[in-house]
2 protein chains.
Amino acid sequence: MNKPEEFEITEEALKLDHQLCFALYVSSKEIIKKYKPLLEPYGLTYTGYIALLALWEEDDVTVKDLGERLYLDSGTLTPLLKKLEALGLLDRKRGSDERNVFISLTEKGKTLKKETLHIPRDLICSANIDLENARQLRALLHQFMKKI
Amino acid sequence: MNKPEEFEITEEALKLDHQLCFALYVSSKEIIKKYKPLLEPYGLTYTGYIALLALWEEDDVTVKDLGERLYLDSGTLTPLLKKLEALGLLDRKRGSDERNVFISLTEKGKTLKKETLHIPRDLICSANIDLENARQLRALLHQFMKKI
DNA sequence: CACTATTTAATTGCATGCAATTAATATACC
DNA sequence: GGTATATTAATTGCATGCAATTAAATAGTG
């Protein structure tokens with residue numbers, strides 16, 4: 001009882017290369033892989049790096065606030081932040097409302113910003129990124145993120 | 001000793017919203033999250049689903065071949081394929097070259113393709129995806145994947 | 001004030017991903 | 001044939017991510 005034209009459409013729509021999710025999934029994994037050798041000298045993982053990027057913009061924020069900016073929940077952030085604390089990069093302190101934990105960078109954490117300034121440029125080279133392609137992608141992804 | 005114009009450039013380049021990697025990382029995670037409720041009725045995870053998408057295009061392939069198509073290595077695939085085997089969706093059999101393990105769909109695995117045909121369309125609705133935005137994104141991502 | 005609902009971080013359990021190593025098999029080369 | 005090399009899956013160890021639950025604290029309400 002398949003109408004042939006509909007079958008054709010769904011058949012094509014099922015192919016791996018037709019899936020936007022798969023292109024996003026692969027692109028995300030591949031670019032994260034490129035960061036690893038650049039971050040390893042600083043003892044950072046990719047997740048640690050993006051947490052620091054967020055904190056370098058604004059720190060002394062709660063775990064909840066940081067989680068909203070990073071799209072991560074406490075199940076991921078709590079152990080990550082404890083590791084970054086153990087590295088001496090940040091402090092975790094309860095606020096006057098004891099439910100809140102405030103994250104603030106240590107001097108070491110602030111200094112690391114300057115030492116890693118070269119990473120964005122290095123990544124562009126190592127991942128062979130076309131800047132115009134990247135600019136367009138970023139714009140489309142931000143549109144995508146707003147609606148999803 | 002910072003040249004102000006260079007400092008400004010790198011400062012901007014360090015912001016979370018300027019990172020292509022972060023936009024990819026968030027978009028990928030968010031779209032995968034949207035798949036979960038659609039896949040749960042079939043007992044599938046996202047990774048299991050993309051493995052099946054690949055196998056529905058071509059099965060009776062080695063783990064290595066499947067890994068190249070999915071951008072996954074045996075460390076991820078071996079346990080995943082064992083789970084899909086336990087669900088009765090595929091078989092794993094050594095080839096005449098005993099280093100190779102060939103993956104082939106069972107009847108149940110083939111049947112599941114028809115039962116899940118609705119998922120791509122359902123996802124477009126639930127993730128509120130703009131088709132033109134998606135088409136452009138996919139094209140740019142494929143360019144990106146080719147070069148990285 | 002007493003009681004309930006809400007908020008926040010932490011914890012638990014499960015499913016990835018990947019790098020590095022291992023084990024088994026096959027190939028290449030002499 | 002015999003040995004070194006290469007290939008393939010599997011295993012191990014580590015780092016996420018997320019859903020669901022828990023525990024503690026606060027806010028809201030009568």
Go through the structure and list residues passing salt bridge (charged side-chain N to carboxylate O under 4.0 Å, His left out) with B:Lys15, not counting sequence neighbours. B:Glu12
Sugar-phosphate means primed atoms, P, OP1 and OP2; the rest is base. With that split, encode nucleotides 6-13 of chain D 5' to 3' as B, S or - using protein heavy atoms under 4.0 Å. BBSSBB--
Salt bridge check, [Y] against [X]: does any charged N sit closer than 4.0 Å to a carboxylate O?
| X | Y | result |
| --- | --- | --- |
| B:Lys110 | B:Glu115 | no |
| A:Glu40 | A:Lys36 | no |
| B:Glu30 | B:Lys33 | yes |

Residues within residues 23-53 of chain B bordering DNA chain C, heavy-atom distance below 4.0 Å: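 Close to the strand are B:Thr45, B:Thr47.
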Specify the separation, in whole Å, of atom CG of B:Leu72 and atom C1' of C:dA19.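 So the two atoms are 14 Å apart, to the nearest Å.
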Which heavy-atom pair separates A:Ser27 from B:Leu24 by the least distance, and what is that distance? CB-CD2, 4.0 Å
Under the side chain to side chain contact (heavy atoms under 4.5 Å, CB included) test, which residues partner B:Asp65, sequence neighbours left out?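 Applying side chain to side chain contact (heavy atoms under 4.5 Å, CB included) to B:Asp65 gives B:Val61, B:Thr62, B:Arg69.
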Contacts table for residues 140-148 of chain A: side-chain donor-acceptor under 3.5 angstrom, sequence neighbours left out:
none

ring-ring contact (aromatic ring centres under 6.0 Å, His included) partners of A:Tyr25, counting only residues at least two apart: B:Tyr46
